[in-house]
Number of protein chains: 2
Amino acid sequence: MSTPLHISISEQLRHQIEVGEYRSGDRLPSEHQLMETFSVSRITARQAMANLVSQGLAIAYRGKGVFVTPQKKVTYSLSSPLVFLDHDMARQGVAFTFENLVFEPTLAPAAVATVLGIPPKASVYLQKKLLRMDGAAGAVDVSYLVADLGERFASLLEQQMSFPTLAKNGIPLDRVDAVVECTHADYDLSGYLEVPLGHALMVYRYTAYTRDQRPVLHGATISRADRFCYSLSTRAEPG
Amino acid sequence: MSTPLHISISEQLRHQIEVGEYRSGDRLPSEHQLMETFSVSRITARQAMANLVSQGLAIAYRGKGVFVTPQKKVTYSLSSPLVFLDHDMARQGVAFTFENLVFEPTLAPAAVATVLGIPPKASVYLQKKLLRMDGAAGAVDVSYLVADLGERFASLLEQQMSFPTLAKNGIPLDRVDAVVECTHADYDLSGYLEVPLGHALMVYRYTAYTRDQRPVLHGATISRADRFCYSLSTRAEPG
DNA sequence: AAACTCAACTTGTTATAACAAGTTGAGTGA
DNA sequence: TCACTCAACTTGTTATAACAAGTTGAGTTT
């Protein structure tokens with residue numbers, strides 16, 4: 001056997017999870033139990049558990065144990081991000097809550113100013129939101145809104161998502177340019193989103209334009225990969 | 001200080017990477033050097049390195065050292081996946097190579113048969129491809145194509161991407177429904193894609209329909225998160 | 001000059017040990 | 001009954017130790 005012991009153990013546990021021997025939310029054997037079952041040291045048992053955690057299959061809680069990760073995903077449609085609605089999400093069986101962390105005027109960072117087409121260090125509104133799904137953290141959103149619209153809709157934006165709020169209040173949007181990528185949780189984000197260090201996160205970077213092609217909103221939604229996915233439908237150009 | 005030593009060390013290294021003190025591809029201090037620099041045991045030094053690896057900031061090679069991960073990303077446009085072209089990618093400064101791993105008729109798994117609207121265990125063509133970027137593995141693609149089209153374009157499909165090949169050869173597509181999600185590399189995929197266990201991967205699941213609304217192609221592209229991202233532009237509905 | 005050997009590095013695996021810190025439930029006391 | 005204490009669990013952090021295995025370059029041999 002050239003495969004390490006900790007790999008053998010974690011692969012065996014992974015198989016047991018996949019065939020349903022351990023179900024979502026179940027507690028896996030403790031390190032001590034693994035030590036006895038496989039006759040290995042705690043380091044090896046621990047490494048096996050770390051493998052499962054790094055694969056997103058389990059999550060460890062100090063004092064409690066290691067539990068199989070629930071894989072309940074919610075789909076966010078990129079084909080129509082302009083009509084994102086709470087009840088559209090509730091239909092998927094998840095209770096959503098927004099928590100406004102920050103909403104204040106600030107000086108635009110260089111990169112943001114470039115995208116929004118305003119002078120560097122011009123005034124913009126910075127908004128940070130935390131999205132909870134069934135009470136647990138699901139995503140954080142950091143966005144910059146041009147100053148005039150920020151002032152105009154300050155009271156509304158502190159409680160709602162940006163796209164529909166703008167569209168419903170006399171600021172029809174023309175389009176949203178976006179990039180979807182994937183990253184690993186750093187120390188800060190792992191704390192915010194309640195995931196282990198290195199956990200996979202989805203990043204949705206967006207820039208919204210009004211009908212006169214003015215970029216007014218630029219930001220990123222960083223969401224837990226185990227709770228979020230994006231759907232879209234692309235039509236072929238006629239011809 | 002309640003923050004663990006290994007976190008302090010990895011955060012310090014992370015900062016040095018971010019400010020450019022260590023550049024892409026540079027070798028980080030060895031475990032032995034960290035032990036002396038910070039007066040810690042090898043376990044702690046090792047844990048600090050593991051933190052960087054799990055965050056995708058570095059990658060370790062046995063016998064060689066730990067190196068800062070190059071973050072060269074290629075963008076794939078979801079707004080027009082039907083016209084994916086090699087030269088469109090080459091424009092981004094990366095040399096692409098397709099490696100056909102599998103192309104053979106097989107029996108459709110239940111889930112695939114459902115999506116393609118064919119009887120369970122009907123015949124389909126299974127294709128597995130490996131996409132290399134500048135020689136290094138970038139993505140794997142696993143797709144199922146309905147039998148009649150598989151037979152018709154067998155010779156072509158062994159060398160090219162699916163969407164443009166179909167569109168260019170008399171099978172105009174109507175649309176592609178897709179879901180973008182994110183996962184962690186399991187033991188198999190980490191070997192294929194040359195990434196550490198648990199590394200973030202993007203998953204692009206797609207179903208392509210012809211103009212008569214017939215689903216003909218269903219599959220998934222699994223790509224390295226550090227080398228791939230997706231872009232799209234969403235227009236507001238007129239009205 | 002070419003090929004081989006090998007010491008000195010590197011990270012990977014595994015064991016033993018101790019203490020810290022969070023959670024839980026049984027038992028004790030008021 | 002209620003509240004408190006605490007033992008017995010859990011995972012987290014850290015140290016010391018040894019060997020395995022891959023890489024590299026200096027040195028030797030051919």
Side-chain angles (χ1 to χ4, degrees), chain A residues 1-13 22 25-69 136 185-187 190-191 194-199, chain B residues 1-13 22 25-69 185 187 190-191 194-199:
Chain A
M1 291 300 194
S2 73
T3 59
L5 280 175
H6 63 86
I7 293 286
S8 304
I9 298 172
S10 62
E11 283 294 289
Q12 179 170 330
L13 287 170
Y22 293 107
D26 280 2
R27 191 182 141 190
L28 294 171
S30 70
E31 294 171 357
H32 210 76
Q33 287 174 306
L34 287 186
M35 289 168 67
E36 291 188 348
T37 305
F38 295 96
S39 299
V40 295
S41 72
R42 195 180 161 206
I43 288 219
T44 304
R46 222 177 137 61
Q47 182 67 52
M49 285 312 207
N51 292 343
L52 295 178
V53 171
S54 80
Q55 289 175 80
L57 294 170
I59 183 162
Y61 298 100
R62 185 197 287 212
K64 294 168 107 173
V66 181
F67 299 82
V68 178
T69 306
D186 59 25
Y187 191 60
S190 69
E194 303 167 4
V195 293
L197 189 67
H199 193 92
Chain B
M1 289 304 194
S2 74
T3 59
L5 280 174
H6 62 86
I7 293 287
S8 304
I9 297 173
S10 62
E11 283 293 288
Q12 178 170 331
L13 288 169
Y22 293 107
D26 280 2
R27 191 183 141 191
L28 294 172
S30 72
E31 293 171 359
H32 210 75
Q33 287 173 307
L34 287 186
M35 288 168 68
E36 291 187 348
T37 305
F38 294 96
S39 300
V40 294
S41 72
R42 197 184 159 203
I43 288 219
T44 304
R46 223 177 137 61
Q47 182 66 52
M49 285 312 207
N51 291 343
L52 295 178
V53 171
S54 79
Q55 290 175 78
L57 294 170
I59 184 163
Y61 298 100
R62 184 197 286 211
K64 296 168 109 173
V66 182
F67 299 81
V68 177
T69 307
Y187 192 59
S190 69
E194 303 167 2
V195 293
L197 189 67
H199 192 92

Atom of A:Val66, atom of A:Ala60 and distance for their closest heavy-atom approach: CG2-CB, 3.9 Å

Phosphate contact (C:dT13 OP1 or OP2) by A:Thr44 side-chain N/O below 4.0 Å: no

Heavy-atom pair of closest approach, residues B:Pro29 and B:Leu13: CD-CD2, 4.3 Å

Sorted by number, the residues of residues 47-54 of chain B with heavy-atom contact under 4.0 Å to DNA chain C: none

Atom-pair distance (CG on A:Leu5; P on D:dA20), nearest Å: 15 Å

C:dG12 OP1/OP2 closer than 4.0 Å to side-chain N/O of B:Arg46: yes

Whole angstrom value for the distance that separates C1' of D:dA20 from CD1 of A:Ile43: 16 Å

Closest to side chain of B:Ser41, choosing from C:dT11, D:dA15, D:dG12: D:dA15

B:Leu52 vs B:Leu28 side-chain heavy atoms within contact, under 4.5 Å: yes

Exam field: side chain A:Gln12 to backbone A:Ile9, donor-acceptor pair closer than 3.5 Å: no

Between C1' of C:dT14 and CG of A:Leu34, the distance in whole Å: 15 Å

Nearest heavy-atom neighbours spanning A:Thr44 and A:Leu5: CG2-CB, 3.8 Å

For the student: nearest non-hydrogen atoms of B:Ala185 and B:Pro196, plus distance: CB-O, 4.0 Å

Under the side chain to side chain donor-acceptor pair (under 3.5 Å) test, residues paired with B:Arg62 that sit two or more places apart: none

Atom-pair distance (CZ on A:Phe38; C1' on C:dA15), nearest Å: 18 Å

Gap between atoms CD1 and P, on B:Ile7 and D:dG12 respectively (whole Å): 12 Å

Atom pair distance, as rounded to whole Å: CZ in B:Phe67 and C1' in D:dG22: 12 Å

Could you list, one pair per line, each protein nitrogen or oxygen that sits under 3.5 Å from a nitrogen or oxygen of nucleotides 8-10 of chain C, together with the distance?
from: C:dT10; atom 1: OP1; to: B:Ser30; atom 2: OG; distance (Å): 2.9
from: C:dT10; atom 1: O2; to: B:Gly63; atom 2: N; distance (Å): 3.2

Selection residues 48-59 of chain B - residue pairs positive for side chain to side chain donor-acceptor pair (under 3.5 Å), sequence neighbours left out: B:His6-B:Asn51, B:Ser10-B:Asn51, B:Gln47-B:Asn51

Bracket string, DNA chain C, 5' to 3' - pairs by Watson-Crick or G-U geometry under 3.5 Å, | interstrand: ||||||||||||||||||||||.|||||||

Residue pairs, two or more places apart or on separate chains, that pass salt bridge (charged side-chain N to carboxylate O under 4.0 Å, His left out) and touch residues 30-49 of chain B: B:Glu31-B:Arg42, B:Glu31-B:Arg46

5′-ward residue of the pair B:Ala45/B:Arg42 relative to DNA chain D: B:Ala45

Any side-chain heavy-atom pair of A:Tyr22 and A:Arg27 under 4.5 Å: no

Non-hydrogen atoms of B:Tyr187 and B:Leu197 that approach each other most closely: N-CD1, 3.5 Å

